Structures are given as C-alpha cells and as structure tokens.
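In this text, all values refer to a predicted model and were calculated from it rather than measured experimentally.
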Amino acid sequence: MPQPLLGSSICEAAVKQGFQVLSLSRRGSPNPSNHPHPGSPTGPVTAAPLDKNWTQAVEWIQGDALHPETYASALRDCDAVVHTVGTLLEADYKTLVKANSICQLITKSTTPTKPGPSPGISYETINRDTALAVAAEAAKHPKMKSFVYISASDVFPFISSRYISTKREAEAGLLQRPEFRTVILRPGFMYSESQPFTVPVARALSALGCARNMALGWVSRTHPITASGLTTPPLPIGTVAQAALQALRRKNLTGVVNPDGIVELAQQK
C-alpha cells in the first residue's frame, strides 16, 4: 500500500533524534487535506494531523522519484536515503483511501472498471522502478553512504505474486550497488491507529500467528506461499521507522533484515 504514514513516522523520529531531514514526495510540503499517492494524480484524502514542531525542521522537496532531475540537487549533501515508496495493491489511490475495510479494498482493487491497473500505478513502477531510479541518482554523489529500502517479508492472501517479486527485483538491484551500503528491511504487515482498517487485519494476523504451531504444517503443505504471509507477525509502523534509523546508525550493517531482526534493531539504543 502507499506508505505516507511510514515516511512521516521516519521523518518525525529522525528529527527528534537529531538527524537533518529532507523529504521527497510529489506533494512536497505536507498538507493534511491533500496527501496524494507518490504515483497518482493529486486528490483529497484523510490524513492524521501533523505536529508542526517537527515538520518545520524538515526540508520538504517536491519531486518525482522516477525523474531524478527533480531532486538531484537535493542529494548532493545527503549521506543516506530511506526509500519508503510502495504499493500493496494496483489500484487508484482514491479507491484505497475510501475503502472501509481490507475486504472492501481487495474487492475494489481486484475488480477493475477497465483493463489493467490505473495509469502509473503498477507494482513494477512503484515497488521497483522508484527505488532503482533513486539509487542510480544517489550513486552519483560521493557523500552518499547508506541506502535503506523498505521491502516486505512475504506475499499476502489474495495479493498478486508480482507484489513480492518486484520487491525482490528492487532488492537485487540495490544490493549490487558498490557505491553505498544497502540495508533491506523486510517487515510483515504494517499497521497504525491512523489507518483504522489496518488494525483489525493486524489483530487477525496476530491471532493466526498464535495458532501457527498447530496449523503451519498443513498450510505449508497446501499453500506454501500463503503460509508465510499468514504467520509473519504484523509490526507497528513506529517500530519499522525506528529500525530504519538504527540501520542508518549501524555503519557495519548491510543486507537483509527480517521481521525479528527489525524488532531487535528498533529496540537498540
């Protein structure tokens, strides 16, 4: 799914921990009444109120990840990138934010009114190409030392396998970059009180996780891909945000960090 709340959480935590923060998005400066998806036309959506104290400390840059000329100059003095752009469903952003439940969201996204996904909204474009484009530009700047990519641990029921395959393709491209160290965070389902429909999904996944010792054997034999998505513990967005910042601090950390590792990373001081 689009991850504006994850990006905001990382920015807020980074400011409060003393980082100098630049935020790149197509909307630029945050506006609670107008938060478009990075790959979609602008449109009003519901957003959580922003704390002006920390937002004033962020340099907000309007640009497009797929068009490096819109942010190349901003990267010159940066030494790290945290990439949070991603989509769980190939659906128009207005459809996503108007959904009242995950079931409604899946139903709408898998029943298109016209062939193909909405223009600009594809797993390949959002999950893979945005990351590789930013990485290619970041590699041109000598000060760049670290790249943190928010990936995913597994595919979820009813979600196209291209969701995870495009994440893995992005990971492979990033890990081949010799210009900077790459850290891949692979959380499971992320939830937040600011996205109400995610909370019951997280609770359901947690309940399934408690029962996995009894059910995993059968599920793994009959639906091996789905099994992982059903049993990976969901994580609060705040936990993933803290882990991303710790990944920046740990200069010797590189490669893939799975859900358990994310929790451990977030708890480090």
Side-chain angles (χ1 to χ4, degrees), residues 1-8 10-11 22-28 35-43 61-76 78 80-97 109-110 112 114-141 144 146-156 159-187 190 240 244 247 255-257:
M1 69 184 64
Q3 299 176 17
L5 284 175
L6 176 58
S8 295
I10 291 173
C11 286
L22 289 77
S23 174
L24 169 72
S25 68
R26 290 190 66 179
R27 69 179 178 270
H35 278 201
H37 170 45
S40 74
T42 58
I61 301 168
Q62 187 173 24
D64 188 325
L66 295 172
H67 297 280
E69 68 276 8
T70 65
Y71 57 88
S73 61
L75 286 178
R76 289 173 187 163
C78 293
V81 169
V82 180
H83 183 280
T84 67
V85 181
T87 187
L88 181 63
L89 299 166
E90 287 183 321
D92 179 76
Y93 191 55
K94 292 181 180 179
T95 298
L96 299 184
V97 298
S109 68
T110 55
K114 55 184 178 180
S118 302
I121 309 295
S122 74
Y123 293 119
E124 289 75 16
T125 299
I126 303 302
N127 291 347
R128 182 192 65 201
D129 297 348
T130 58
L132 298 182
V134 174
E137 182 58 37
K140 299 176 183 178
H141 301 275
M144 190 61 60
S146 307
F147 196 108
V148 177
Y149 175 64
I150 309 300
S151 185
S153 63
D154 41 48
V155 69
F156 297 95
I159 302 300
S160 169
S161 62
R162 286 171 44 243
Y163 164 73
I164 203 68
S165 66
T166 52
K167 292 275 191 181
R168 297 294 180 261
E169 289 166 7
E171 292 178 11
L174 293 171
L175 290 170
Q176 291 175 2
R177 284 281 176 189
E179 299 89 352
F180 45 73
R181 69 182 179 95
T182 295
V183 179
I184 309 293
L185 299 186
R186 288 183 179 176
M190 291 182 286
V240 180
V256 175
V257 181

Show, in sequence, the C-alpha distance, side-chain angles and deciding distance for Thr125 and Ile121, and conclude whether the side-chain contact (heavy atoms from CB on, under 4.5 Å) test is met. CA-CA 7 Å; Thr125 299; Ile121 309 295; over 6 Å; no
Where do [X] and [Y] come nearest, in terms of heavy atoms and distance?
X: Ala139; Y: Glu179; answer: CB-CD, 3.5 Å
X: Val240; Y: Pro187; answer: CG2-CB, 4.0 Å
X: Arg181; Y: Ser146; answer: NE-OG, 3.1 Å
X: Gly255; Y: Leu175; answer: CA-CD2, 4.1 Å
X: Gly63; Y: Thr70; answer: CA-OG1, 3.5 Å
X: Val134; Y: Phe147; answer: CG1-CE1, 4.0 Å

The criterion is side-chain contact (heavy atoms from CB on, under 4.5 Å); which residues satisfy it with Ala170, sequence neighbours excluded? Arg128, Ala131, Tyr149
Got a second to check how far [X]'s [atom1] is from [Y]'s [atom2], nearest 0.5 Å?
X: Leu24; Y: Tyr71; atom1: CG; atom2: OH; answer: 7.0 Å
X: Leu132; Y: Glu171; atom1: CG; atom2: CD; answer: 11.0 Å
X: Asp129; Y: Leu66; atom1: CG; atom2: CG; answer: 6.5 Å
X: Leu5; Y: Thr84; atom1: CG; atom2: OG1; answer: 10.5 Å
X: Met190; Y: Leu88; atom1: CE; atom2: CG; answer: 9.5 Å
X: Ser151; Y: Leu185; atom1: OG; atom2: CG; answer: 9.0 Å

For side-chain contact (heavy atoms from CB on, under 4.5 Å), just list the numbers for Glu137 and His67, CA-CA rounded to whole Å, side-chain angles, deciding distance to a tenth of an Å, and then say yes or no. CA-CA 10 Å; Glu137 182 58 37; His67 297 280; over 6 Å; no
Test your reading of the model: is there a side-chain donor-acceptor pair from [X] to the backbone of [Y], 3.5 Å cut-off?
X: Asn127; Y: Thr87; value: yes
X: Ser165; Y: Arg162; value: yes
X: Lys167; Y: Ile150; value: yes
X: Thr130; Y: Ile126; value: yes

Non-hydrogen side-chain atoms of Arg168 and Arg186 separated by less than 4.5 Å: yes
Compare all side-chain heavy atoms of Ile159 with those of Ile164 and state whether any distance is below 4.5 angstrom. no
Sorted by chain and number, sequence neighbours left out, ring pair (Phe, Tyr, Trp, His ring centres under 6.0 Å) with Tyr123 holds for none
